Amino acid sequence: MGRNAKPINLLLAQGKKHLTKAEIDKRKDTEIKLGNNKLVCPNYIKNNVNAYKKWKEIVKIYKEVDFVSSGDTGLLSRYCMTHSEYLNLCETRDRLSGLHADWSQYQNIFPEEFQETVERVLYSNTDLQMETAINKKMDMLIKMEDRLFLNPLSKVKNVPKQEPKQTPSTFDQKFGDI
């Protein structure tokens with residue numbers, strides 16, 4: 001099948017010039033663009049420290065390569081908020097893992113085995129729920145990264161395929177140069 005084609009802007013940035021000007025122009029024309037290149041950060045992103053930090057990081061990346069436009073602001077905002085929620089879940093999990101119940105006031109009321117069982121059930125259930133939520137957020141982030149071209153594989157897969165070369169008819173093969 002061969003290698004996947006690279007985006008035209010990536011080829012030009014790398015200095016590779018194996019395509020003609022007409023092929024470069026044609027590939028540039030096939031890219032769909034909605035909106036302009038200016039990405040305006042929504043207020044709810046600016047109000048969230050982690051989301052705004054991610055927004056600035058991504059906008060800096062997109063200044064180098066022309067992949068997104070103002071039409072992609074909604075998806076970019078959702079990605080930044082999801083990233084912030086992911087970080088918050090990880091932080092909460094870490095805080096909960098450091099908590100331990102103080103059974104000293106219940107020493108005479110509940111046996112030690114009961115106390116250990118209650119702690120084990122509470123912590124294992126909480127850990128499982130937190131890990132499930134974190135994994136769901138991580139899956140969402142990976143899917144959005146594909147759509148926003150934030151991983152190399154998605155950049156390579158987005159290049160439009162070239163039209164197949166037409167084979168000349170038998171008439172053209174015999175009489176085409178006349």
Side-chain angles (χ1 to χ4, degrees), residues 1-17 19 23-101 119 121-162:
M1 180 171 174
R3 288 182 284 168
N4 290 329
K6 291 183 180 179
I8 190 63
N9 289 333
L10 182 60
L11 284 174
L12 295 175
Q14 292 175 342
K16 297 185 179 177
K17 309 236 187 227
L19 298 172
E23 289 172 326
I24 291 171
D25 290 340
K26 184 177 180 181
R27 283 183 56 178
K28 282 184 178 182
D29 290 342
T30 59
E31 293 178 4
I32 298 172
K33 288 280 185 182
L34 299 174
N36 58 26
N37 291 339
K38 186 172 181 168
L39 297 172
V40 179
C41 183
N43 288 331
Y44 65 94
I45 297 293
K46 288 180 181 177
N47 294 335
N48 185 312
V49 175
N50 289 330
Y52 190 54
K53 182 177 177 183
K54 193 65 173 178
W55 176 275
K56 291 190 297 187
E57 177 185 322
I58 292 173
V59 168
K60 188 176 180 182
I61 292 169
Y62 286 144
K63 283 184 180 179
E64 300 294 323
V65 182
D66 189 23
F67 279 123
V68 295
S69 64
S70 60
D72 301 314
T73 302
L75 178 59
L76 184 55
S77 300
R78 286 191 298 275
Y79 175 77
C80 292
M81 286 304 292
T82 303
H83 184 267
S84 176
E85 292 165 2
Y86 170 77
L87 292 177
N88 289 339
L89 283 170
C90 290
E91 199 175 286
T92 302
R93 177 198 57 199
D94 294 344
R95 266 188 286 139
L96 288 175
S97 68
L99 291 178
H100 294 288
E119 278 191 40
V121 168
L122 288 176
Y123 290 128
S124 64
N125 190 22
T126 303
D127 285 345
L128 183 61
Q129 287 176 352
M130 289 303 295
E131 288 300 323
T132 301
I134 287 170
N135 287 337
K136 285 182 181 179
K137 289 291 179 191
M138 195 180 328
D139 287 342
M140 290 171 63
L141 286 171
I142 290 169
K143 289 176 184 174
M144 285 189 252
E145 285 170 356
D146 285 344
R147 291 185 180 175
L148 290 168
F149 310 111
L150 294 174
N151 65 38
L153 186 59
S154 65
K155 292 174 189 172
V156 171
K157 287 183 176 180
N158 188 45
V159 175
K161 297 189 182 204
Q162 292 183 352

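Just so it is clear, the model here is predicted, and its values are computed rather than measured.
With contacts defined as side-chain heavy-atom distances shorter than 4.5 Å, the pair M140/M144 qualifies. When side chains are defined from C-beta on, Y44 counts as touching M81, because their heavy atoms get closer than 4.5 Å. Residues Y52 and S84 form no side-chain contact, since every pair of their non-hydrogen atoms from C-beta on lies 4.5 Å or further apart.
In this structure, I45 CD1 and K56 NZ are separated by 12.5 Å, a value rounded to the nearest 0.5 Å. Here the NE2 atom belonging to H83 is positioned 8.0 Å from the CD1 atom belonging to I58, to the nearest 0.5 angstrom. Rounding to the nearest 0.5 Å places CG of L141 at 7.5 Å from OH of Y86. Taking NZ of K143 as the reference point, atom OG1 of T82 lies at 12.0 Å (rounded to 0.5 Å).
Here E57 pairs with K54 in a salt bridge; the nearest charged N to carboxylate O distance falls below 4.0 Å.
Residue pairs meeting the side chain to side chain donor-acceptor pair (under 3.5 Å) criterion with at least one member in residues 127-139, sequence neighbours excluded: E85-K137, R93-E131.
The side-chain contact (heavy atoms from CB on, under 4.5 Å) test with I134 is passed by exactly one of L89, L87, T92: L89.
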